[in-house]
Amino acid sequence: MGPGAKGMAAITEPAAGAQEASEGVSLAQYAAVRAAMSEGFPLADVLAVEGLRPRAFARADLHWKQRLATEPELLAEFEEELARAEDWLDRPIEPLADDAAAWASFLAAFGAHPAPFELLQEQRVGMNDIARLRRRWARRAEEDAELGELLAELRAKPGELGPLRVGPQVLRPSRGASARGPAGAPTSQPSAPAAWPRPPRGPRDAAEALTVQAPPRGNRATRGSPSQRRNPRGLPELWHRRDALRTLPPSSERHR
């Protein structure tokens, strides 16, 4: 079983509503593209692996962003698809993936670090990695009550964070891509993930980076600038950051 097999095995089938497509791009495949881009892979490589043409995807991108900005139920479905897509791109991060004490120590170190995103860069770990690990440990705790109790105890008295062994990122075609032929596949192997942007420099900066706009409720067409209403760019990234924020333990636990 490969390094990402455990994460992939936990992926459930997408909801029926996700099969609706725009320009041949279903919500599930759209989430797969966004997940791969948030890992740092260039859009051109992602589209090639998915069998999508840039112009068609650009139209689908606008379509889905406009709908996601105004349909809370669709947004919730998208978040589920995004989590599945992120899990599909799983990679080994040892010992965090299998050692409860190490996971508790990491959460404590991340929550207490004055510049938490610098800690991630030092360890070569991304927010998608943290979201995957959080979901994995949450599933385990739900299935095993004793493990849930152990995690609570370890988080109350965490140990020191040791070195991490991080596996390489691998750009895998989504299952939605299997129904397509290649669309201008690159002549070489997909590029390595792009460099990260500048990380937040302190707790306040980090908190601002994780700030999330709530999904629209009712008719909000009059809010925001005209350009934002026409093209709500960056929305999937903001929702992803909300998932990342949930990885932190409750504040009461962080400040014991």
Where [X] and [Y] come nearest, the two heavy atoms and their spacing:
{"X": "Phe41", "Y": "Val46", "result": "CB-CG2, 3.8 Å"}
{"X": "Ala32", "Y": "Ala85", "result": "CA-CB, 3.6 Å"}
{"X": "Ala35", "Y": "Asn128", "result": "O-ND2, 3.6 Å"}
{"X": "Val49", "Y": "Ala177", "result": "O-CB, 3.8 Å"}
{"X": "Leu96", "Y": "Trp137", "result": "O-NE1, 2.9 Å"}

Self-check item: Polar contact flag, side-chain donor to acceptor under 3.5 angstrom, Ser105-Glu160
Solution: no

If only atom types and distance count, is the side chain of [X] paired as donor or acceptor with the main-chain N or O of [Y] below 3.5 Å?
{"X": "Arg34", "Y": "Leu82", "answer": "no"}
{"X": "Trp88", "Y": "Pro173", "answer": "yes"}
{"X": "Trp103", "Y": "Pro95", "answer": "no"}
{"X": "Ser22", "Y": "Val25", "answer": "no"}
{"X": "Arg136", "Y": "Ala131", "answer": "no"}
{"X": "Asp45", "Y": "Pro42", "answer": "no"}

Quiz prompt | Arg139 with Glu142: basic N within carboxylate O range, under 4.0 Å | solution = no

Once rounded to the nearest 0.5 Å, what's the spacing between atom [atom1] of [X] and atom [atom2] of [Y]?
{"X": "Phe57", "Y": "Trp64", "atom1": "CZ", "atom2": "CH2", "value": "11.5 Å"}
{"X": "Leu89", "Y": "Ser174", "atom1": "CG", "atom2": "OG", "value": "9.0 Å"}
{"X": "Asp90", "Y": "Leu133", "atom1": "CG", "atom2": "CG", "value": "7.5 Å"}
{"X": "Leu68", "Y": "Glu73", "atom1": "CG", "atom2": "CD", "value": "12.5 Å"}
{"X": "Arg132", "Y": "Met127", "atom1": "CZ", "atom2": "CE", "value": "11.5 Å"}
{"X": "Tyr30", "Y": "Glu50", "atom1": "OH", "atom2": "CD", "value": "13.5 Å"}

Self-check item: Non-hydrogen side-chain atoms of Leu75 and Glu71 separated by less than 4.5 Å
Solution: no

Quiz item: Does the side chain of Leu120 come within less than 4.5 Å of Phe110's, by heavy atoms?
Solution: yes

Quiz item: Are Phe106 and Leu147 linked, directly or through other ILVMFWY residues, by side chains that come within less than 4.5 angstrom of each other?
Solution: yes

Quiz prompt | Arg59: partners by side-chain hydrogen bond (donor to acceptor under 3.5 Å, both in side chains), with sequence neighbours left out | solution = Glu23

Using the test side chain to side chain contact (heavy atoms under 4.5 Å, CB included), find all partners of [X] that sit at least two apart in sequence or belong to another chain.
{"X": "Val166", "result": "Arg91, Ile93, Arg124, Val125, Leu164"}
{"X": "Ala101", "result": "Asp99, Leu154"}
{"X": "Ala109", "result": "Leu119, Leu161"}

Quiz item: Given the rule in the side chain to side chain contact (heavy atoms under 4.5 Å, CB included) test, do Arg135 and Asp87 qualify, once you have shown the distances and angles that lead to the verdict?
Solution: CA-CA 9 Å; Arg135 287 191 291 268; Asp87 287 349; 3.0 Å; yes

Exercise. Show the numbers, then the answer: is there a side chain to side chain contact (heavy atoms under 4.5 Å, CB included) between Gln66 and Thr70?
Key: CA-CA 7 Å; Gln66 290 175 335; Thr70 57; over 6 Å; no

Quiz item: Where do Glu143 and Arg140 land on the salt bridge (Lys or Arg N to Asp or Glu O under 4.0 Å) test, with the steps shown first?
Solution: CA-CA 5 Å; Glu143 296 169 357; Arg140 291 173 175 172; over 6 Å; no

